[in-house]
Number of protein chains: 2
Amino acid sequence: MAPRTTAREKLLDAAVKLIRQHGYTATTLDDLCAEAGVTKGAFFHHFKSKDDLGQAAAQFWDERTGTLFLEAPYHDHEDPLDRVLGYIDFRGSIMDGEVHEFTCLVGTMVQEVYRDAPEIRKACRDSIFGHAGTLVEDIQAAMDQHGLTPSWTAESLANYTQATLQGAYILAKATDSNEASLECVAHLRNYVALLFANKH
Amino acid sequence: MAPRTTAREKLLDAAVKLIRQHGYTATTLDDLCAEAGVTKGAFFHHFKSKDDLGQAAAQFWDERTGTLFLEAPYHDHEDPLDRVLGYIDFRGSIMDGEVHEFTCLVGTMVQEVYRDAPEIRKACRDSIFGHAGTLVEDIQAAMDQHGLTPSWTAESLANYTQATLQGAYILAKATDSNEASLECVAHLRNYVALLFANKH
DNA sequence: TAATGCATACCAACTGGTTGGTATGTGTGC
DNA sequence: GCACACATACCAACCAGTTGGTATGCATTA
């Protein structure tokens, strides 16, 4: 990925890192500027307020992760079910390194700001549900291919994957480890496999 | 439940309410004292610091929710699988009212403090995994009764229920609604039902 | 071609209000 | 009297945001 050169991009990178580590409120403007290597003046040249930065960070996160998933190998499978299972496997494969490196910016941020910063909440919602939306087509295709007409929808299953992954991140932060999180990914994979195991 | 009479209990109630609404860091000592109807002097008589209150709040949450679940009707089922499924149904039945009323204090708090307040992180971990632990016996009994010897463990399935519920709370905060959350509970229930649907 | 004016991207210092916490005082019950 | 459970007043540090400035680039004009 091209190195960030502008102050705005540096601040967004700093926001992704520090907010995942410390939360939104505990991350101060001074922290962000120090991490980005710019001054408060530069900050306020690009952002109207701290909340403006938070909203931009959620959108930036959505774009960046969107690119990551767009280029992920699970799209290469021909079978839609393999794509869905491959997506879950991919999510597990990137649950590595320091906890803050693989946990989610928007899931972290929305927990504490959902009442006080509606614009940030909406940006977080759009990121989470927008990302879930990228899975719906493959899930629906797998349902059609298997002749499934269950009581649940492709959309609710897609949302469910995001909920369990967000919850896995909470377990990671609670334990400061990825062990319980990876077990959750295995259960999620098992659930999807079970759903489509039934023959029609 | 008996009304809270001491300042300490009032502060803990205030902490549960305000931290679920605003997050830990954004909830100030002044906010807590105002909500509890006491002064800073009372606060610091009972708590050494804000972080001390945070740790006590996590423990208080664990005790209070422990009592709630201990008295929940799902224990009445004779069949252990019915108790597990009943537990999930119960979790869904209390996902009602204002979002902050049914979301989780410890899941909210650990997201932002896990690096900066290890004592709070541990109290949150103990609450989450301790609560998961209360399900292990029923899950194991259901496994034994159904003759299941899967690759996963009762403990990992118990942890998985907590992860998906925590994630469901994140979706609730992102959408300011319980709709997506209840769908997640339905998927969780479906998964557990599927696991035990197989005959031996 | 050079001067000028303006826009942009910053910088360093500053500000008013807030914050977590401290010091001291007071009332009550034993 | 002392311990306890508070209340009040205060403090130093911190916070988000502001202010006045500089440096640079670009378009326009003479």
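Because the structure is a prediction, the values reported are computed rather than measured.
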Query raised in the report: Judged by atom type as modelled, is there a donor-acceptor pair below 3.5 Å linking the side chain of B:T27 to the main-chain atoms of B:L18?
Result: yes
Query raised in the report: Which residues within residues 43-50 of chain A lie with some heavy atom under 4.0 Å of an atom in DNA chain C?
Result: A:H45, A:H46
Report summary line: When rounded to whole Å, the CZ to C1' distance for the pair B:R8 and D:dC4 reads 15 Å
Query raised in the report: Is it true that the NZ or CZ of B:K50 lies under 6.0 Å from the centre of B:Y24's six-membered ring and within 45 degrees of the ring axis?
Result: yes
Query raised in the report: Rounded to whole angstroms, how far apart are CG on B:D30 and C1' on C:dG17?
Result: 12 Å
Requested in this report: Could you verify whether a donor N or O on one side chain and an acceptor N or O on the other, from B:Q140 and B:D144, lie under 3.5 Å apart?
Outcome: yes
Requested in this report: For the side chain of B:V38, starting at C-beta, report the closest nucleotide among C:dT19, D:dA7, D:dC15.
Outcome: D:dA7
**Report entry** Donor-acceptor side-chain pairing of B:T28 and B:D31 below 3.5 angstrom
**Finding:** yes
Query raised in the report: For B:L53 and C:dG21, what is the distance between atoms CG and C1' respectively, to the nearest whole Å?
Result: 13 Å
**Report entry** Polar pair under 3.5 Å, donor/acceptor by atom type, side chain A:K40, base C:dA12
**Finding:** no
Query raised in the report: Base, sugar-phosphate alone, or nothing: which one does B:T28 contact when heavy atoms must sit under 4.0 Å apart?
Result: sugar-phosphate
Query - Residues B:R83 and B:Y87: side-chain donor-acceptor under 3.5 angstrom - result: no
Query - Distance in angstrom units between B:L11 CG and C:dG21 P, rounded - result: 14 Å
Query raised in the report: Rounded to whole angstrom units, what separation is found between the CG atom of B:L32 and the P atom of C:dG21?
Result: 12 Å
Report task. Scan residues 89-115 of chain A for pairs that pass ring pair (Phe, Tyr, Trp, His ring centres under 6.0 Å), counting only residues two or more places apart or in two chains. Result -> A:F69-A:F90
**Report entry** Side-chain ion pair, A:D176 and B:R115, N-O less than 4.0 Å
**Finding:** no
Report summary line: From NZ of A:K10 across to P of C:dA9 the rounded distance in Å is 14 Å
**Report entry** Of the listed nucleotides D:dT8, C:dC10, C:dG20, the one nearest the side chain of B:L29
**Finding:** C:dG20
Query - Contact nearer the 5' end of DNA chain D, comparing A:Y24 with A:G41 - result: A:Y24
